[in-house]
A.B. asks: 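One structure, as structure tokens, below. Some questions next.
When a ligand or atom number is given, it counts from 1 through the structure's own listing order.
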Amino acid sequence: MTFYNERIETMSRDEMSALQSERLRALVKRVYENVPHYREKMKAAGLLPEDIKTVEDLPYLPYTYKQDLRDTYPFGMFAVPMEKIVRIHASSGTTGKQTVVGYTANDINMWAECIARELTSIGAHRGDIIQIAYGYGLFTGGLGLHYGGEKLGASVIPISGGNTKRQIQTMIDFGSTVLACTPSYSLFIAEEMKEMGYGPGDNKLKYGVFGAEPWSQQMRSDIEAKLGIKAVDIYGLSEVMGPGVSCECCEQDGMHIAEDNFIAEAIDPATGKVLPHGEEGELVFTTLTKEGLPLIRYRTRDISVLNDKKCACGRTTMRMNRVLGRSDDMLIIRGVNVFPSQIESVLLEFGGAAPHYQIIVNRVDNLDLLEVQIEMTPDMFSDEVRRIEDVEKKISHELDSVLGINAKVRMVEPKSIARSEGKAKHVIDNRII
Ligand code: DLL
């Protein structure tokens, strides 16, 4: 078994806990001194930095929410002056406001090391050719994997997402051995390859590093068979860092958390109570080493289970099971975060549309398709077909510009969308993953 950083990856639980406590003390002092938001929150909770001595004291600290980042948009929670920020990423937001994250040079280096460790843990090394088909840009997927691949010393192909035929030709001609993209895109690539007349034996791929959206064991088996690879799950979120907060090793039995940099807790999302390891709950992360945007007890809304048992690979770091879902209603469509409220606000801007709508997500040929059905007002129902089509096009165009993904819009008859007696069910997610 090869490790990238054996000392950290195989530390005893006691040593890890001591390292985390030491880093937590420094973190709390740092945010108290440099981030007004945290200073005020701690003051309101009657806490001084010296009250936090070990990881056991973590539950005394208040939670941080996505809303806190929005309220301090864009850079209000950065803990260093802008002269120290060398990279900015952002993730899509619900109200037009994106969540902005900043990294110092040390942060980028730490991120790259996390990815380099993870790539090593699946069996990749120098000489491997990594095709990165995650999007490059404000999304953290592309550049996150990129720097890690380079740090490992592998040959990185920064092809980004899309242009599937060229993607496949490149993969075959260059002899790519690792594919990094969303799991749904990997299946789309596999299917397109088949159509182009290639079988699993025609590519040199060995591993797939797939994440950014939920997927299942069945999907894994399907991808592995179709591409002839070992597929691992990689998790992360831009606020906390990006991809690589955790990743599966060659054992494919839960994702190892980079615990020297991130403390994970699972909590009951309703009560905020910390749950024992092994129980399903909302993941909460504290970033121990991040300088640009350190976060204390960040509520991810992702539901998973933590496992602190030693893995057969020899690593002692805590693992998390695949993400089971989210405690809020965010949809991930083709890797893009979509909130029903974003769609709702677009629809409500248009006359002729009743406030009854349904968001339907289907997976056809491994691609997520978003359809929005909107009830017409009775007035509009008696209108010309051309005018109705015109409104459909306008809404679709507006959704595209707000969400960044294409949506099919269909105006339907008045009263044809089911009413609910309790909360309205606006989202029908037909994807079986
Ligand atoms: O999706 C970072 C990433 C890029 C992870 C590439 C893995 C690979 P965001 O756009 O901020 O960041 O979205 C974060 O995506 O809270 C989860 O709900 C979901 N997510 C990420 N990885 C997984 C995964 C990137 N492996 C949100 N399984 C997170 C399930 C995932 N959901």
A.B. asks: With distance as the sole criterion, is a donor-acceptor pair present between the side chains of Glu213 and Ser184 under 3.5 Å?
C.D. replies: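 Yes - a donor-acceptor pair under 3.5 Å links their side chains.
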A.B. asks: List below, pair by pair, the N or O atoms of ligand 1 and of the protein that are less than 3.5 Å apart, including the distance to 0.1 Å; reply 'none' if no pair qualifies.
C.D. replies:
from, atom 1, to, atom 2, distance (Å)
ligand 1, 11 (O), Ser238, N, 3.0
ligand 1, 11 (O), Ser238, OG, 2.7
ligand 1, 16 (O), Asp302, OD1, 3.4
ligand 1, 16 (O), Asp302, OD2, 2.6
ligand 1, 16 (O), Arg326, NH1, 3.3
ligand 1, 18 (O), Asp302, OD1, 2.6
ligand 1, 18 (O), Asp302, OD2, 3.4
ligand 1, 18 (O), Arg326, NH1, 3.0
ligand 1, 22 (N), Ala212, N, 3.1
ligand 1, 26 (N), Asp233, OD1, 2.8
ligand 1, 26 (N), Ile234, O, 2.7
ligand 1, 28 (N), Glu213, O, 3.3

A.B. asks: Phe188 ring centre to Arg334 NZ or CZ under 6.0 Å, with the angle to the axis within 45°?
C.D. replies: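 Judged by the rule, Arg334 and Phe188 form no cation-pi pair.
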A.B. asks: Could I get the full list of ring-ring contact (aromatic ring centres under 6.0 Å, His included) partners for Phe262, not counting sequence neighbours?
C.D. replies: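 Once residues adjacent in sequence are excluded, Phe262 has no partner under the ring-ring contact (aromatic ring centres under 6.0 Å, His included) criterion.
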A.B. asks: Look only at the side chain of Arg319 and the backbone of Asp253, and say whether a donor-acceptor pair between them is shorter than 3.5 Å.
C.D. replies: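 The answer is yes, because a donor-acceptor pair under 3.5 Å joins these two groups.
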A.B. asks: Just verifying a value: how many Å separate Ser238 OG and His89 NE2, rounded to the nearest 0.5 Å?
C.D. replies: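 Reported to 0.5 Å precision, the distance equals 9.0 Å.
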A.B. asks: Parallel, tilted or perpendicular: which fits the ring planes of Tyr103 and Trp111, with parallel below 30° and perpendicular above 60°?
C.D. replies: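 Parallel: the ring planes of Tyr103 and Trp111 meet at under 30°.
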